[in-house]
S.K.: 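Mind looking over this structure? Questions follow.
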Amino acid sequence: MFTKDIYIERRKILKEKVKSGIILICGNDLSPMNCEDNTYPFMQDSTFLYYFGLNRENLFGLIDIDNNKEYIFGNELTMDEIIWMGPQITLKEQCKTVGITELKCLKELPEFISNAQKNKKTIHYIPQYRHSIMIKMADWLNISPNDINKYVSQDLCFAVADQRNIKSDEEIKEIEKAVNVTRKMHLTAMEYIKPGMMEYEIAALLENVAKSQNCGLSFPTICSINGQTLHNHYHGNKIKEGDLLLIDAGARLENGYCGDMTTTHPVSGKFSEKQRDIYNLLIAMFDKAEELIKPGITYMDVHLAVCKVLAEGMISRGILKGNADEIVREGVHALFMPHGLGHMMGLDVHDMENIGEPIVGYNGKEKSTQFGLSSLRLGRILEPGFVFTVEPGIYFIPELISKWKSENKFTEFINYDILESYLDFGGMRYEGDYLVTEDGNRRLGDSMPKYADEIEKVRAKAFSK
Ligand code: GLY
Ligand code: MN
């Protein structure tokens with residue numbers, strides 16, 4: 001948590017941007033995993049955290065712009081809650097720490113909203129993703145839960161995205177802490193991976209690094225010898241000589257800030273010739289992004305330049321043929337990288353994903369529907385203070401290759417015969433977290449091995465124990 005002045009200032013800026021009406025920002029409740037009292041760990045809504053700072057369940061922040069008043073609606077703990085969960089400082093005291101003096105009981109919120117509606121005030125809210133909150137809001141707003149996301153406030157969405165997209169110095173400090181815990185998770189795994197282990201042993205080890213530093217996870221860990229499956233959460237395989245192990249994992253600090261990193265490792269300790277060759281291409285893609293990122297360029301152009309490096313690399317290896325620019329324009333390269341180069345990162349790993357990529361990542365412009373580009377979460381002009389990931393990948397997805405081949409898709413660009421010698425290759429990804437500075441960029445966190453030789457040097461430690 002930051003000092004109360006920071007939350008007061010954030011709300012002041014928000015009021016200036018939205019101009020009139022009521023802003024309702026919903027905090028999260030506890031979600032049952034399988035029964036009411038057996039819940040998922042509590043995770044506060046990131047927009048609530050940003051403007052109201054309190055990491056406590058069942059709170060609603062409300063800003064009455066026209067009357068310049070700010071409220072938190074929530075309840076003090078009951079004796080039953082104190083008996084089961086323990087005492088906390090009072091909600092009234094907690095509210096003061098974020099500059100809120102108007103604390104009201106939750107049961108007063110429906111009437112407050114109903115009066116605002118009677119007075120023809122606009123109730124601004126952002127898209128909702130928790131059904132329990134949607135049901136409550138539907139009741140208060142007197143609409144169907146299915147319609148909640150039809151009436152979101154575009155003004156509020158743009159205002160929140162504009163504000164949260166530019167990370168302040170104190171936020172960058174926190175993100176960098178998360179990135180450094182994330183870095184430690186990856187380095188610890190790299191020094192441990194050996195043939196014969198199970199994927200879940202590695203996943204457990206790196207998650208323990210986060211836990212032992214009082215962090216949670218930014219997202220469910222990917223730790224897989226099947227790296228060609230982009231978001232593979234299965235950890236039940238035994239890893240063996242010759243495999244590649246792809247790890248995509250990140251730490252989330254107690255205050256919500258996230259890190260996100262991907263590394264790919266030769267299980268044997270050394271890349272095979274073929275693995276090293278493709279890995280070098282992957283890092284050339286990563287380096288191209290780093291070379292280009294600066295204020296004024298669009299992330300779309302960075303993505304496309306990286307895709308061109310991929311296309312040229314595939315042409316020089318005989319897998320693709322023809323002109324690299326044409327290949328990228330047609331989207332042929334997406335066979336090897338069906339996802340986008342990166343995404344905004346902050347209090348959410350995909351920052352403000354609930355507000356929507358067209359607003360957060362494209363400043364209101366429509367996203368492309370082309371295969372590959374449709375998964376690019378960020379395309380807008382880069383500004384100092386943006387924090388995002390750079391995560392090129394190269395994947396050989398047998399099912400996708402055989403589908404395209406059976407459809408004779410892009411036969412003028414793809415040498416399917418040569419490509420088929422890569423069917424058992426798997427996939428690789430390398431990911432780092434970047435800040436756009438006034439004149440370029442800075443990779444966040446302490447230095448991290450990247451080139452094949454650097455990876456092998458750290459991997460050697462696993463075999464010297
Ligand atoms: N690291 C997971 C993701 O970017 O989706
Ligand atoms: Mn990522």
Side-chain angles (χ1 to χ4, degrees), residues 7 9-29 31 43-55 57-66 70-74 98 100 106 109-110 112-113 116-117 121-167 171 256-258 343-367 377-378 380 386:
Y7 299 103
E9 179 65 16
R10 287 175 177 178
R11 294 191 296 266
K12 178 168 167 275
I13 292 169
L14 186 65
K15 284 185 273 192
E16 285 162 5
K17 282 179 189 280
V18 178
K19 294 191 178 73
S20 68
I22 305 273
I23 299 172
L24 176 64
I25 296 182
C26 305
N28 273 333
D29 50 10
S31 267
M43 186 158 174
Q44 184 58 289
D45 175 76
S46 63
T47 303
F48 185 89
L49 265 187
Y50 185 83
Y51 292 105
F52 290 93
L54 299 184
N55 206 354
E57 60 263 30
N58 292 322
L59 301 178
F60 292 82
L62 192 145
I63 304 176
D64 180 346
I65 304 176
D66 307 325
E70 300 170 337
Y71 305 86
I72 281 184
F73 287 80
V98 292
I100 297 284
L106 207 41
L109 185 53
F112 194 103
I113 289 177
Q117 283 181 317
K121 302 263 184 204
T122 305
I123 317 276
H124 300 273
Y125 61 88
I126 59 173
Q128 300 299 311
Y129 53 91
R130 285 246 176 138
H131 295 164
S132 53
I133 303 284
M134 290 158 98
I135 290 168
K136 281 182 198 160
M137 285 177 70
D139 196 28
W140 302 336
L141 295 165
N142 204 16
I143 52 178
S144 153
N146 290 330
D147 289 340
I148 283 291
N149 284 343
K150 281 192 194 155
Y151 299 112
V152 299
S153 162
Q154 294 296 301
D155 289 345
L156 180 63
C157 288
F158 275 101
V160 171
D162 282 354
Q163 202 176 349
R164 287 184 55 190
N165 268 339
I166 308 287
K167 269 55 183 184
E171 287 187 285
Y257 286 96
C258 294
H343 51 84
M344 293 288 199
M345 191 184 81
L347 283 167
D348 305 298
V349 64
H350 301 154
D351 213 20
M352 297 172 272
E353 190 181 318
N354 58 321
I355 290 178
E357 288 158 11
I359 292 178
V360 176
Y362 288 80
N363 198 21
K365 295 212 180 77
E366 253 180 65
K367 283 180 65 181
R377 299 178 190 273
L378 174 60
R380 66 193 290 164
F386 280 11

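Index from 1, following the sequence.
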S.K.: If you take all heavy atoms of Glu171 and Lys167, which pair is closest and at what distance?
M.R.: OE1-CA, 3.4 Å
S.K.: Is Asn28 close to Gln44 at the side-chain level, that is, under 4.5 Å between some pair of heavy atoms?
M.R.: yes
S.K.: Which side-chain N or O atoms in residues 12-22 pair as donor and acceptor under 3.5 Å with protein atoms at least two apart or in another chain?
M.R.:
from	atom 1	to	atom 2	distance (Å)
Lys15	NZ	Asn68	OD1	2.9
Lys15	NZ	Glu70	OE2	2.8

S.K.: Which pair of heavy atoms, one from Met137 and one from Cys26, lies closest together, and at what distance?
M.R.: SD-SG, 3.5 Å
S.K.: Considering residues at least two apart in sequence or located in another chain, which fulfil the side chain to side chain contact (heavy atoms under 4.5 Å, CB included) criterion with Asp139?
M.R.: none
S.K.: Do the non-hydrogen side-chain atoms of Tyr125 and Leu141 ever get within less than 4.5 Å of each other?
M.R.: yes
S.K.: Of all the heavy-atom pairs spanning Gly364 and Phe158, show the shortest one and how long it is.
M.R.: CA-CZ, 3.7 Å
S.K.: Which atoms form the tightest heavy-atom contact between Val152 and Ile126, and what is the distance?
M.R.: CG1-C, 3.7 Å
S.K.: Roughly how far, to the nearest 0.5 Å, is CE of Met134 from CG of Asp147?
M.R.: 9.5 Å
S.K.: How close do Gly27 and Asp45 get, counting heavy atoms only, and between which atoms?
M.R.: CA-CB, 4.4 Å
S.K.: Without placing hydrogens or testing angles, list every side-chain donor-acceptor pair under 3.5 Å for residues 46-55, not counting sequence neighbours.
M.R.:
from	atom 1	to	atom 2	distance (Å)
Ser46	OG	Arg164	NH1	3.3
Ser46	OG	Arg164	NH2	3.2
Ser46	OG	Asp348	OD1	3.1
Ser46	OG	Asp348	OD2	2.8
Thr47	OG1	Arg164	NH1	2.8
Tyr51	OH	Gln163	OE1	2.7
Asn55	ND2	Glu254	O	3.2

S.K.: CG of Leu62 to CG of Leu109: how many Å apart, nearest 0.5 Å?
M.R.: 6.5 Å
S.K.: Ignoring hydrogens and angles, tell me if any N or O in the side chain of Asn149 forms a donor-acceptor pair with the backbone of Gln128 under 3.5 Å.
M.R.: yes
S.K.: Show every salt bridge (charged side-chain N to carboxylate O under 4.0 Å, His left out) that has at least one partner inside residues 127-137, sequence neighbours left out.
M.R.: Asp29-Arg130, Asp29-Lys136
S.K.: Test Phe60 against Trp140 for ring-ring contact (aromatic ring centres under 6.0 Å, His included), laying out the working first.
M.R.: CA-CA 13 Å; Phe60 292 82; Trp140 302 336; 5.0 Å; yes
S.K.: Could you measure the distance from the CD1 atom of Ile63 to the NE2 atom of His124? Nearest 0.5 Å is fine.
M.R.: 10.5 Å
S.K.: Do you know which two heavy atoms are closest between Ile25 and Ile23, and how far apart they sit?
M.R.: CG1-CG2, 3.8 Å
S.K.: Please report the interatomic distance CE(Met344) to NE2(His350), rounded to the nearest 0.5 Å.
M.R.: 13.0 Å
S.K.: Side chains of residues 354-361: which donor-acceptor partners sit under 3.5 Å, not counting sequence neighbours?
M.R.:
from	atom 1	to	atom 2	distance (Å)
Glu357	OE1	Lys367	NZ	2.4
Glu357	OE2	Arg377	NH1	2.8

S.K.: Run the side chain to side chain contact (heavy atoms under 4.5 Å, CB included) test on Tyr129 and Glu353 for me, step by step, so that the C-alpha distance in whole Å, both residues' side-chain angles and the decisive distance to 0.1 Å come before the verdict.
M.R.: CA-CA 10 Å; Tyr129 53 91; Glu353 190 181 318; over 6 Å; no
S.K.: What is the distance from atom CG of Asn363 to atom CG of Asp162, rounded to the nearest 0.5 Å?
M.R.: 6.5 Å
S.K.: Side chain of Ser144, backbone of Asn146: donor and acceptor closer than 3.5 Å?
M.R.: yes
S.K.: Can you sort out the partners of Phe112 under ring-ring contact (aromatic ring centres under 6.0 Å, His included), two or more places apart, ordered by chain and number?
M.R.: Tyr71, Phe73
